[in-house]
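Data block below; observations after.
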Amino acid sequence: MPKTLFVTDLDGTLLTSGGEGVSPKSCDIINRLSAEGMMFSYATARSLITAKKVTAGLSMKVPVILNNGVFITDSASGERLVKNTFSHEQTEDIYGTLSKFGIMPLVYSIVDGDERFSYITERLTRAMADFLATRDDRRHRPVLSEKNMLDGEPFYFTCIDETGSMSEAYEELKKRYYCVYGKDIYSGDQWLEVMPEKATKAEAVLQLKKYCGCDKLVVFGDGLNDIPLFKAADECYAVKNAAPELKEIADGIIGSNNEDSVAKFILKYFSKNTVKYSNP
């Protein structure tokens, strides 16, 4: 049987909807299989800080994919194995384009070696303020001036609003960068994410597959930003609560994120064979 790497999205896929993180049952299944040599990782839009909070029960032996593919990171040490950031010219271009459409982003950057996200408090939308309220960590970096929004090495722009011209900005920016635009299936808010062209879950997961020496890639997801991930995989499965567009391209639909569906699928997969794998 081919050596298989399993990669899952977090929010809406592996994580439960109530915000508790990974359920004890899923943790137990995944940790037992990982101890037997299963190659398991996750690919998320979250940073390492927020991802580790919601995956605290998992024993991660394989590097993880963060910020939609901007980083591949050793979860235990925090070492960034792969890093994709924007050039100064690109950050100026993106910020200028968003400003033209009246959009104020959250700018994620590496500042003095640490991940931070910069914003001007007085210009936050209601949706952005709600989002930031869920991010209780040291990455907050409120600034007073626009000139400080692009400090450090920016690698990710996020825009969240109920209304506005995000679709127009998306149409312009997607010609030059990797962009994801759509409405959140839970809140209904518009999201526009802008990342370096090579910073995708698809690019990162193929690099991780090679790093682990795996022959087969099986992935799980729920959102529009998982579409490139699905297209890069050998097999792809959408949870029952996934966006319709993702279900259309999935090889199959499993249960919802509240039913331990990813862990149960992997357990069933392994119950059909007795091959043990060696960790990288």
Side-chain angles (χ1 to χ4, degrees), residues 10-11 42-56 60 63-125 127-161 166 169 173 176-180 191-201 203-204 207-208 225:
L10 289 182
D11 293 88
Y42 58 76
T44 178
R46 288 175 177 261
S47 70
L48 182 62
I49 293 172
T50 59
K52 291 186 78 169
K53 286 182 179 180
V54 295
T55 61
M60 298 302 302
V64 297
I65 297 168
L66 304 168
N67 300 97
N68 275 335
V70 174
F71 302 114
I72 299 178
T73 302
D74 182 289
S75 180
S77 68
E79 179 186 0
R80 302 182 186 101
L81 305 177
V82 174
K83 180 178 73 171
N84 292 295
T85 58
F86 291 110
S87 68
H88 175 72
E89 291 75 21
Q90 289 174 326
T91 59
E92 293 282 351
D93 176 45
I94 295 166
Y95 195 83
T97 300
L98 294 173
S99 297
K100 181 175 69 174
F101 290 100
I103 300 170
M104 173 57 63
L106 301 176
V107 182
Y108 289 71
S109 310
I110 300 174
V111 181
D112 297 326
D114 292 326
E115 288 184 40
R116 307 295 296 273
F117 49 79
S118 302
Y119 55 90
I120 299 175
T121 304
E122 293 75 15
R123 296 186 61 184
L124 290 175
T125 65
M128 290 169 72
D130 289 349
F131 172 76
L132 289 177
T134 69
R135 296 295 188 264
D136 182 22
D137 61 58
R138 59 183 174 80
R139 293 179 302 151
H140 282 265
R141 185 176 179 265
V143 298
L144 299 177
S145 171
E146 289 195 47
K147 69 180 181 180
N148 297 119
M149 287 286 287
L150 303 182
D151 289 344
E153 298 177 77
F155 59 83
Y156 189 58
F157 288 72
T158 299
C159 314
I160 319 170
D161 202 354
M166 286 194 193
L173 289 169
R176 304 185 292 281
Y177 310 101
Y178 172 55
C179 300
V180 176
W191 280 70
L192 172 59
E193 300 166 276
V194 187
M195 294 151 278
E197 191 173 15
K198 292 185 178 180
T200 68
K201 287 184 178 181
E203 290 276 351
Q207 291 174 311
L208 187 59
N225 66 347

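Scope of the values below: all heavy atoms of this structure, side chains included, with no hydrogens, waters or symmetry mates.
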Over all atoms of both residues, closest heavy-atom pair of [X] and [Y]:
X: Glu146; Y: Ser99; value: OE1-OG, 4.5 Å
X: Arg176; Y: Thr97; value: NH2-OG1, 3.6 Å
X: Met166; Y: Asp161; value: CE-N, 3.3 Å
X: Ser118; Y: Met149; value: O-CE, 3.6 Å
X: Gly152; Y: Val111; value: CA-CG2, 4.2 Å
X: Ile160; Y: Met128; value: O-CG, 3.2 Å

Flag side-chain contact, heavy atom, 4.5 Å: [X] against [Y]:
X: Thr158; Y: Trp191; answer: yes
X: Ser75; Y: Leu48; answer: yes
X: Gln90; Y: Tyr95; answer: no

Atom pair [atom1] ([X]) and [atom2] ([Y]), whose distance is rounded to the nearest 0.5 Å:
X: Ser47; Y: Arg139; atom1: OG; atom2: CZ; answer: 3.0 Å
X: Leu66; Y: Lys52; atom1: CG; atom2: NZ; answer: 10.5 Å
X: Leu81; Y: Ile65; atom1: CG; atom2: CD1; answer: 11.0 Å
X: Leu150; Y: His88; atom1: CG; atom2: NE2; answer: 8.0 Å
X: Leu208; Y: Ile72; atom1: CG; atom2: CD1; answer: 5.5 Å
X: Cys159; Y: Glu193; atom1: SG; atom2: CD; answer: 9.0 Å

Answer yes or no: is there a donor N or O on one side and an acceptor on the other, between the side chain of [X] and the main chain of [Y], under 3.5 Å?
X: Arg116; Y: Arg138; answer: yes
X: Ser145; Y: Lys147; answer: yes
X: Glu203; Y: Thr200; answer: no

Aromatic ring proximity Phe86/Phe157, centre distance under 6.0 Å: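 So the answer is yes for these two rings.
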
Determine, step by step, whether Tyr119 and His140 satisfy the side chain to side chain contact (heavy atoms under 4.5 Å, CB included) criterion, reporting the C-alpha distance in whole Å, the side-chain angles of both residues, the deciding distance to 0.1 Å, and the verdict. CA-CA 8 Å; Tyr119 55 90; His140 282 265; 2.9 Å; yes

Side chain to side chain contact (heavy atoms under 4.5 Å, CB included) assessment of Val107 paired with Ile94: CA-CA 10 Å; Val107 182; Ile94 295 166; over 6 Å; no

Which residue pairs pass the salt bridge (Lys or Arg N to Asp or Glu O under 4.0 Å) test with at least one member in residues 149-159, sequence neighbours excluded?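 Applying salt bridge (Lys or Arg N to Asp or Glu O under 4.0 Å) to every pair that reaches into residues 149-159, excluding sequence neighbours, yields Lys83-Glu153, Arg141-Asp151.
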
Check against side chain to side chain contact (heavy atoms under 4.5 Å, CB included), Leu98 and Leu192: CA-CA 10 Å; Leu98 294 173; Leu192 172 59; 4.0 Å; yes

For atom CD of Glu197, is the number of surrounding heavy atoms from other residues, nucleotides or ligands below 6.0 Å larger than 12?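 No - once you tally the heavy atoms of other residues, nucleotides and ligands closer than 6.0 Å, there are 12 at most.
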
Test log, rule side chain to side chain contact (heavy atoms under 4.5 Å, CB included), inputs Thr91 and Thr85: CA-CA 10 Å; Thr91 59; Thr85 58; over 6 Å; no

Sequence neighbours left out, what passes ring pair (Phe, Tyr, Trp, His ring centres under 6.0 Å) with Phe71? Give chain and number order.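 Ring pair (Phe, Tyr, Trp, His ring centres under 6.0 Å) check on Phe71 returns Phe155.
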
Between Tyr178 and Asn68, a side-chain donor and acceptor under 3.5 Å: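 Looking only at side-chain atoms, Asn68 and Tyr178 do not form any donor-acceptor pair under 3.5 Å.
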
Could you tell me if Tyr108 and Glu115 have a donor-acceptor pair between their side chains, going purely by distance under 3.5 Å?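 No, no side-chain donor-acceptor pair sits under 3.5 Å.
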
